[in-house]
Amino acid sequence: MARSGTAPVTLTKWIREVADEPLLLTGDLLAQAEENTWSLGRAKGETPVAAEVVAAFEETARRLGERVTAMERTATFYVWYDVQAGHLKCSTSSAKKDALPFAAEVDPDATLAAVVGGYLAGASPGTDEDFVLPVWTAEVGL
């Protein structure tokens, strides 16, 4: 909730702030996921524009890439829509896109527009038997 006299933080602002948060890229992948995962939602009454949300994630990936390069490492920045939580989530991992720490089957080649569009539309995942989690991935760093 915004403090009196301040504007509410928008979804795109939250996304861009992820690039400045602490980043763990060593050790256990689950520890990395716990440290690096962010749950992002819209402010009350906010109606985000898909193209602006996509641009914010792309900018965040670029800025994370600069940080990861400075660390002389590579990483995967990834975004998905957590239907159960009703939020977009993003994380950064030392794992390659085909080894991200998900229990569900993942499509690591989903477009960012599709992931964001699913969130903005409030899409449901389908049945458990055929569910594949769409995840946008960007290799960042060296």
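These figures come from a predicted structure and were not determined experimentally.
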Inset, instruction - Supply the atom-to-atom distance W14 CH2 to T60 OG1, rounded to the nearest 0.5 angstrom. - result: 13.0 Å
Legend entry - Where P48 and L11 come nearest, the two heavy atoms and their spacing: CG-CD2, 3.9 Å
Inset, instruction - Please list all pairs passing the ring pair (Phe, Tyr, Trp, His ring centres under 6.0 Å) test where one or both residues lie in residues 92-116, with sequence neighbours left out. - result: Y78-F102, W80-F102
Inset, instruction - Report yes or no: do M71 and L64 belong to one cluster of Ile/Leu/Val/Met/Phe/Trp/Tyr joined by side chain heavy-atom distances under 4.5 Å? - result: yes
Legend entry - V132 side chain reached by V106 side chain, heavy atoms, under 4.5 Å: no
Legend entry - Any pair counted as salt bridge (charged side-chain N to carboxylate O under 4.0 Å, His left out), so long as it reaches residues 74-92, sequence neighbours left out: D82-K89
Legend entry - Stepwise side chain to side chain contact (heavy atoms under 4.5 Å, CB included) test for I15 and V79: CA-CA 11 Å; I15 293 166; V79 178; over 6 Å; no
Legend entry - S93 versus L29, closest heavy-atom pair with distance: OG-CD2, 3.6 Å
Inset, instruction - Quick one: list whatever passes side-chain hydrogen bond (donor to acceptor under 3.5 Å, both in side chains) with T37, sequence neighbours left out. - result: S91
Inset, instruction - Kindly state each residue pair satisfying side-chain hydrogen bond (donor to acceptor under 3.5 Å, both in side chains) with at least one member in residues 95-107, sequence neighbours excluded. - result: K97-D109
Legend entry - With W136 via ring pair (Phe, Tyr, Trp, His ring centres under 6.0 Å) - residues at least two apart: none
Inset, instruction - Give a yes or no answer on whether the side chain of T76 reaches the backbone of A95 with a donor-acceptor pair at less than 3.5 Å. - result: yes
Inset, instruction - Could you name each residue pair satisfying salt bridge (charged side-chain N to carboxylate O under 4.0 Å, His left out) that touches residues 20-40, not counting sequence neighbours? - result: D20-R63
Legend entry - Results of side-chain hydrogen bond (donor to acceptor under 3.5 Å, both in side chains) for E66 - residues two or more places apart only: R62
Legend entry - Value rounded to 0.5 Å, distance of CZ in R67 from OG1 in T92: 8.5 Å
Inset, instruction - Kindly write out the residues that satisfy side-chain hydrogen bond (donor to acceptor under 3.5 Å, both in side chains) with Y119, not counting sequence neighbours, or none if the list is empty. - result: R42
Inset, instruction - Could I get the full list of ring pair (Phe, Tyr, Trp, His ring centres under 6.0 Å) partners for F57, not counting sequence neighbours? - result: none
Legend entry - Partner residues of S94 under the side-chain hydrogen bond (donor to acceptor under 3.5 Å, both in side chains) criterion, sequence neighbours left out: Q32
Inset, instruction - Just jot down the side-chain contact (heavy atoms from CB on, under 4.5 Å) partners of T47, sequence neighbours excluded, or say none. - result: none
Legend entry - For the student: nearest non-hydrogen atoms of N36 and P22, plus distance: OD1-O, 3.9 Å
Legend entry - Nearest heavy atoms of A113 and V54, plus distance in Å: CA-CG2, 4.0 Å
Legend entry - V68 and L23: CA distance, side-chain angles, deciding distance, side chain to side chain contact (heavy atoms under 4.5 Å, CB included) verdict: CA-CA 9 Å; V68 173; L23 192 57; 3.9 Å; yes
Legend entry - ring pair (Phe, Tyr, Trp, His ring centres under 6.0 Å) partners for F77, two or more places apart: none
Legend entry - Same cluster (ILVMFWY, side-chain, under 4.5 Å), L120 and L112: yes
Inset, instruction - Show the numbers, then the answer: is there a side chain to side chain contact (heavy atoms under 4.5 Å, CB included) between V115 and V135? - result: CA-CA 7 Å; V115 172; V135 179; 5.9 Å; no
